[in-house]
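Each remark here refers to the structure printed beneath this line.
All values below come from the heavy atoms of this structure, side chains included, with hydrogens, waters and symmetry mates left out.
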Amino acid sequence: QVLLVESGGGLVQAGGSLRLSCAASGRTFSHYAVGWFRQAPGKEREFVAAISGRGFNTFYTDSAKGRFTISRDNAKNTVYLQMNSLKPEDTAVYYCAAAGGKWSGRNENEYDYWGQGTQVTVSS
């Protein structure tokens with residue numbers, strides 16, 4: 001069992017930055033790949049970024065490339081999503097998720113554990 005808790009969301013103006021954190025329980029956190037997903041009102045949940053267990057591989061959706069950076073500190077059992085140059089269309093609830101088995105990065109069906117989400121609101 002892995003418990004995930006997101007933090008760092010909030011209200012920011014367009015062009016601003018936020019850093020989301022995903023804190024995990026458990027002593028084998030490095031065995032899990034972690035992804036960030038988001039869901040805007042009235043839309044389906046979508047992939048944002050993902051990182052492998054030891055941090056060697058990362059994936060980003062096209063809209064996040066160049067603006068968002070995913071990283072992890074396994075000593076702290078935490079994954080981060082640094083979001084820069086935020087746009088109003090980035091407004092959503094952001095979820096982190098952990099995958100312990102087969103993992104290709106973007107497929108949310110491969111993720112076994114999910115956090116409760118943190119709200120990000122970008123004003124224009």
Side-chain angles (χ1 to χ4, degrees):
Q1 184 78 6
V2 176
L3 295 178
L4 303 172
V5 179
E6 303 94 335
S7 63
L11 174 64
V12 64
Q13 289 188 333
S17 299
L18 284 174
R19 188 177 79 158
L20 305 184
S21 298
C22 174
S25 65
R27 292 178 289 180
T28 58
F29 185 55
S30 61
H31 294 183
Y32 292 86
V34 174
W36 285 97
F37 295 79
R38 67 186 181 187
Q39 187 167 22
K43 295 187 177 181
E44 292 186 353
R45 188 164 57 193
E46 64 176 0
F47 169 78
V48 178
I51 189 166
S52 59
R54 293 181 180 246
F56 295 144
N57 297 303
T58 58
F59 300 91
Y60 296 92
T61 191
D62 286 346
S63 63
K65 289 178 182 176
R67 298 189 301 128
F68 295 2
T69 302
I70 189 170
S71 62
R72 66 189 298 158
D73 183 342
N74 286 340
K76 296 182 178 180
N77 279 13
T78 303
V79 170
Y80 304 98
L81 184 68
Q82 177 67 43
M83 305 188 296
N84 299 327
S85 302
L86 283 161
K87 305 174 182 180
E89 51 264 44
D90 294 318
T91 296
V93 177
Y94 283 70
Y95 300 90
C96 67
K102 176 185 176 183
W103 177 73
S104 61
R106 297 175 173 83
N107 187 348
E108 67 173 65
N109 294 321
E110 295 174 343
Y111 290 85
D112 307 299
Y113 305 101
W114 291 81
Q116 294 300 306
T118 185
Q119 176 71 46
V120 171
T121 303
V122 184
S123 63
S124 57

Discussion item. Taking the cut-offs as 6.0 angstrom to the six-membered ring centre and 45 degrees off its axis, would you call Arg45 and Tyr95 a cation-pi pair?
Written reply: yes
Practice prompt. For Tyr80, enumerate each residue passing the ring pair (Phe, Tyr, Trp, His ring centres under 6.0 Å) test, keeping only those at least two apart in sequence or located in another chain.
Written response: none
Discussion item. For Trp103 and Tyr32: C-alpha separation, side-chain torsions, deciding distance, then whether side chain to side chain contact (heavy atoms under 4.5 Å, CB included) applies.
Written reply: CA-CA 9 Å; Trp103 177 73; Tyr32 292 86; over 6 Å; no
Worksheet item: Do the two ring centres, one from Trp114 and one from Phe37, sit under 6.0 Å apart?
Response: yes
Discussion item. Asn74: which residues meet the side chain to side chain donor-acceptor pair (under 3.5 Å) condition with it, sequence neighbours left out?
Written reply: Arg72
Discussion item. For Gln39 versus Lys43, what's the shortest heavy-atom pair and its separation?
Written reply: NE2-O, 3.1 Å
Worksheet item: So which heavy atom on Leu81 is nearest to which on Ala49, and how close?
Response: CD1-CB, 4.1 Å
Worksheet item: Is there a donor-acceptor contact under 3.5 Å from the side chain of Thr91 to the main chain of Val122?
Response: yes
Worksheet item: Are any non-hydrogen side-chain atoms of Trp36 and Val79 less than 4.5 angstrom apart?
Response: yes
Item to complete: For residues Asp112 and Gly100, report the shortest heavy-atom separation together with the two atoms involved.
Response: OD2-N, 2.9 Å
Worksheet item: Are Val93 and Phe47 connected in the hydrophobic side-chain network, where two residues link if heavy atoms are under 4.5 Å apart?
Response: yes
Worksheet item: How would you list all residue pairs meeting salt bridge (charged side-chain N to carboxylate O under 4.0 Å, His left out) that involve residues 50-63, not counting sequence neighbours?
Response: Asp62-Lys65
Item to complete: Check whether any side-chain heavy atom of Met83 sits under 4.5 Å from a side-chain heavy atom of Tyr94, and report yes or no.
Response: yes
Throw together a table of side-chain donor-acceptor distances under 3.5 angstrom for residues 11-25, partners on residues two or more places apart or in other chains.
residue : atom : partner : partner atom : Å
Ser17   : OG   : Asn84   : OD1          : 2.9
Ser25   : OG   : Leu3    : N            : 2.9

Item to complete: Locate the shortest heavy-atom distance separating Phe68 from Tyr60; write the atom from each residue and the value.
Response: O-CE2, 3.2 Å
Discussion item. Any side-chain to backbone donor/acceptor pair from Glu6 onto Cys96? Under 3.5 Å, distance only.
Written reply: yes
Worksheet item: Mind checking what makes side chain to side chain contact (heavy atoms under 4.5 Å, CB included) contact with Asn107, not counting sequence neighbours?
Response: Ser104, Asn109, Glu110
Item to complete: Looking only at non-hydrogen atoms, find the nearest pair between Ala92 and Ala40 and report the distance.
Response: CB-N, 3.8 Å
Worksheet item: Please, which pairs that meet salt bridge (charged side-chain N to carboxylate O under 4.0 Å, His left out) have at least one residue in residues 83-92, sequence neighbours excluded?
Response: Arg38-Asp90, Arg67-Asp90
Item to complete: Please name the pair of heavy atoms, one in Ala98 and one in Leu4, separated by the smallest distance, quoted to 0.1 Å.
Response: N-CD1, 3.6 Å
Discussion item. Would the distance check show the side chain of Tyr111 and the main-chain N or O of Ala33 forming a donor-acceptor pair, the cut-off being under 3.5 Å?
Written reply: no
Worksheet item: Are the side chain of Ser52 and the backbone of Asn57 linked by a donor-acceptor contact shorter than 3.5 Å?
Response: yes
Worksheet item: Within a reach of under 6.0 Å around CD of Glu46, are more than 12 heavy atoms found that belong to other residues, nucleotides or ligands?
Response: yes
